[in-house]
Amino acid sequence: MFKIVGIGLVVFLKFAAPVAIVFFPFIAGWTNFILDTIDGDILIPLGLADATYQLIDKIADWITYIGMAFAAWRFNWGIRKWIYGLFVFRSIGQLAFLTIGDERLLFYFPNFLEPLFLVYATIFFFKKASEPRAYDFYLR
């Protein structure tokens, strides 16, 4: 029972954090990053099959990218066109991986979106949500 609840909780958080990114880019973005870093170390020992984990992980990642694109639009970030372009780029790799199953596709379509988003969300957060100040700082 503990294992099922643990798996359910982690999977729930993997899909809840990306939704929260739209409203709280800094906190939810970094929470999602940490969770995505450790989730396999939690889920697989709890008994989730690796193939199932990989499918859940990649779908949750794509939901994260959607959340990042919406956050950039919602806050009218100066880098939103870069976010959208990197979203499309990574989505091609994600879709190809989910269709074909070859992990090399994720290498050919690397995740540049998440690091850019996290850097900008951090700047935005510490510049007290002032987009012009955050964008100017980013450009410097």
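- Counting only heavy atoms from C-beta outward, the side chains of Phe126 and Phe137 never approach each other to under 4.5 Å.
- Remark: side-chain polar atoms of Thr52 are not paired, donor with acceptor, to backbone N or O of Leu48 under 3.5 angstrom.
- Residue Ile7 is grouped with residue Phe2 when hydrophobic side chains (ILVMFWY) are merged at heavy-atom distances under 4.5 angstrom, including chains of intermediate members.
- Between the side chain of Arg90 and the main chain of Leu106, a donor-acceptor pair closer than 3.5 Å is present.
- With a 6.0 Å radius and a threshold of 12 heavy atoms from other residues, nucleotides or ligands, Phe70 has its CZ atom at or below the threshold.
- Hydrophobic clustering (side-chain heavy atoms under 4.5 Å, transitive across Ile, Leu, Val, Met, Phe, Trp, Tyr) keeps Leu95 apart from Ile56.
- Separation of atoms CD (Gln54) and CG (Leu98) is listed at 10.0 Å; rounding is to 0.5 Å.
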Output side-chain donor-acceptor pairs under 3.5 Å for residues 112-123, partner residues at least two apart or in another chain, one line each.
unit_1 : atom_1 : unit_2 : atom_2 : d
Glu114 : OE1    : Asn111 : ND2    : 3.1
Tyr120 : OH     : Glu131 : OE1    : 3.0
Tyr120 : OH     : Glu131 : OE2    : 2.8
Tyr120 : OH     : Tyr135 : N      : 3.3
Thr122 : OG1    : Trp30  : NE1    : 2.9
Thr122 : OG1    : Leu118 : O      : 2.7

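- For Phe109, the ring-ring contact (aromatic ring centres under 6.0 Å, His included) partners are Phe89, not counting sequence neighbours.
- Rounded to the nearest 0.5 Å, atoms OG1 (Thr99) and CG (Leu105) are 9.0 Å apart.
- Grouping the Ile, Leu, Val, Met, Phe, Trp and Tyr side chains by contacts below 4.5 angstrom, directly or via other members, places Ile83 with Leu139.
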- Do Arg80 and Phe75 pass the side-chain contact (heavy atoms from CB on, under 4.5 Å) test, and can you show the C-alpha distance, the side-chain angles, and the key distance before you say yes or no? CA-CA 9 Å; Arg80 67 186 174 281; Phe75 292 102; over 6 Å; no
- Message: Please determine whether side-chain contact (heavy atoms from CB on, under 4.5 Å) holds for the pair Phe97 and Arg104, giving the CA-CA distance in whole Å, both sets of side-chain angles, and the decisive distance to 0.1 Å.
- Response: CA-CA 8 Å; Phe97 169 76; Arg104 289 180 294 180; over 6 Å; no
Can you give each donor-acceptor pair under 3.5 Å made by side-chain atoms of residues 9-22, sequence neighbours left out, with the distance rounded to 0.1 Å?
unit_1 : atom_1 : unit_2 : atom_2 : d
Lys14  : NZ     : Asp36  : OD1    : 3.2
Lys14  : NZ     : Asp39  : OD2    : 2.5
Lys14  : NZ     : Asp57  : OD1    : 3.0

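- Remark: Ile4 CD1 is loosely packed, at most 12 non-hydrogen atoms of other residues, nucleotides or ligands lying under 6.0 Å away.
- Ring centers of Tyr138 and Phe124: at least 6.0 Å apart, outside the cut-off.
- Residues Gln94 and Trp62 share a closest heavy-atom pair of NE2-N, 3.8 Å.
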- Task: List the steps, then state whether side-chain contact (heavy atoms from CB on, under 4.5 Å) holds for Thr31 with Phe24.
- Result: CA-CA 10 Å; Thr31 299; Phe24 311 103; over 6 Å; no
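- Here the CZ atom belonging to Phe87 is positioned 10.5 Å from the CD1 atom belonging to Ile92, to the nearest 0.5 angstrom.
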